[in-house]
Amino acid sequence: MKKMLPKLSSDLENGNQTTVTEFTLVGFSDSLQLRYLYFAAFFCIFKISLLAHMFIILLYRFSPNLHTPMYFFLAIFSFLEICYLSTIVPKLLINLLSQKKTITFYGCAVQMYCFLLLGSTECYMLAAMAYDRYNAICHPLLYNVIMRRAVCFKLVIGSCVIGTTVGVLQTTFVFTLPFCGSGQINHFYCDIPPLLNLACSNSHFNEIATFIIASLLIVGSFLLTMISYTNIMWTIVQHQPTASRRKAFSTCTSHLIVVTLFFGSGIIMYLRPKSRYGMDEGKFLSLMYTIVVPFLNPFIYSLRNNDVKCAVRRIVSKSKG
């Protein structure tokens, strides 16, 4: 395993093999006041996001009327979001209040693997959720046949298999490289582009591999999601009355905004040329899909839903009774 650890450039020149055991996450700002401000904002968003996602999971568990494919996917997605947020945000919060913003080599590898695993799984879970809505609106008479329980489990397992594969491949490609210099990662978590910038060997193969995998993952799942929503909107326009059409368009538009933010920021982050990669710009792009979108998801996908509101009212009335 020691052969996988990065070496300092000065040691490479001298023929020695002194290993680096940790990286430094630069984060957002050296200003103490700004760091306190970031901490307060991210802490509030993190707590609200966790509570909202936990609420969806518990509501699904204790509300029989929500035991449908749509809410099954939402509950699974909320669990993934909790894990996804917990991979990035706690370390970010600690570093905002700490002078020593370090992460061990293996800790960095684990964080990257978990981030890629969960993020990749979520990409195809979003596609699965869009496919479920497509069948519910475009094929209502066949919906229960198409979206039977076994199919739902296969979609979830397939998403997890894709996520695991992406996580293993990308983490292996990055952490078998030798790293040079101070070990400073100009980011708030261990992401692929800033780590490739620290490589002291030719990382051209790794950049090509990242581009191909990101293209297949992000663009592929985005296209599948957009195909479902395009068919949904076409069906709404063709067959729904005006009042129902407005409500359906409102819901689809909200979903599409979140999907566009999530996939759009990911596409810009991972598919643009390295020569056009700005580290500070990359940090704020990463905020969109690591913190902002997971915060918005529970409110847009479920808490605005009438079925969810009815389930909450039932639980409240039972608790009072």
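No hydrogens, no waters, no symmetry mates; every other heavy atom, side chains included, goes into these values. All values derive from a computational prediction rather than experimental measurement.
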Over all heavy atoms of both residues, which pair between [X] and [Y] is shortest? Give the atoms and the distance, please.
X	Y	answer
Gly163	Thr121	CA-OG1, 3.5 Å
Arg61	His67	O-NE2, 3.7 Å
Val26	Lys101	O-NZ, 3.5 Å
Ser120	Leu116	OG-O, 2.6 Å
Asn95	Lys100	OD1-O, 4.3 Å
Ala130	Ser228	O-CB, 3.5 Å

May I ask you to check whether [X] and [Y] place their ring centers less than 6.0 Å from one another?
X	Y	answer
His53	Phe77	no
Tyr106	Tyr113	no
Phe173	Phe205	yes

Do the side chains of [X] and [Y] join up, straight or via other hydrophobic residues, at under 4.5 Å, putting them in one cluster?
X	Y	result
Ile157	Ile162	no
Phe299	Leu66	yes
Ile257	Leu287	yes
Leu261	Tyr84	yes
Tyr143	Ile146	yes

Taking the inter-plane angle between the rings of [X] and [Y] on a 0 to 90° scale, is it parallel (under 30°), tilted (30 to 60°) or perpendicular (over 60°)?
X	Y	value
Phe23	Phe175	perpendicular
Tyr270	Tyr289	tilted
Phe28	Phe42	tilted

Straight-line distance of [X] [atom1] to [Y] [atom2], nearest 0.5 Å:
X	Y	atom1	atom2	result
Leu126	Glu122	CG	CD	7.0 Å
Arg133	Met147	CZ	CE	8.5 Å
Ile213	Leu169	CD1	CG	5.0 Å
Leu58	Phe55	CG	CZ	8.5 Å
Cys190	Phe115	SG	CZ	11.0 Å
Arg35	Ser98	CZ	OG	7.5 Å

Side-chain touch [X]/[Y], heavy atoms, less than 4.5 angstrom:
X	Y	answer
Leu97	Tyr36	yes
His139	Tyr134	yes
Val161	Tyr124	no
Phe188	Leu96	no
Lys91	Leu25	yes
Val156	Met125	yes
Pro90	Leu93	no
Ile291	Leu92	yes

Evaluate Tyr38 against Phe43 for side chain to side chain contact (heavy atoms under 4.5 Å, CB included), listing each step before the verdict.
CA-CA 8 Å; Tyr38 285 136; Phe43 180 79; over 6 Å; no
Any chance you could lay out the side chain to side chain contact (heavy atoms under 4.5 Å, CB included) test for Leu224 and Tyr131, step after step, and finish with the verdict?
CA-CA 8 Å; Leu224 289 173; Tyr131 176 67; over 6 Å; no
Do side-chain atoms of [X] reach the backbone of [Y] as a donor and acceptor pair under 3.5 angstrom?
X	Y	result
Thr171	Val168	no
Thr104	Gly107	yes
Asn231	Ile227	yes

Full working for side chain to side chain contact (heavy atoms under 4.5 Å, CB included) between Leu85 and Phe295
CA-CA 9 Å; Leu85 285 163; Phe295 171 72; over 6 Å; no
Side chain to side chain contact (heavy atoms under 4.5 Å, CB included) between Phe263 and Thr225, intermediate numbers included:
CA-CA 10 Å; Phe263 285 110; Thr225 305; 4.3 Å; yes
Give a yes or no on whether Phe39 atom CZ has more than 12 heavy-atom contacts from other residues, nucleotides or ligands under 6.0 Å away.
yes
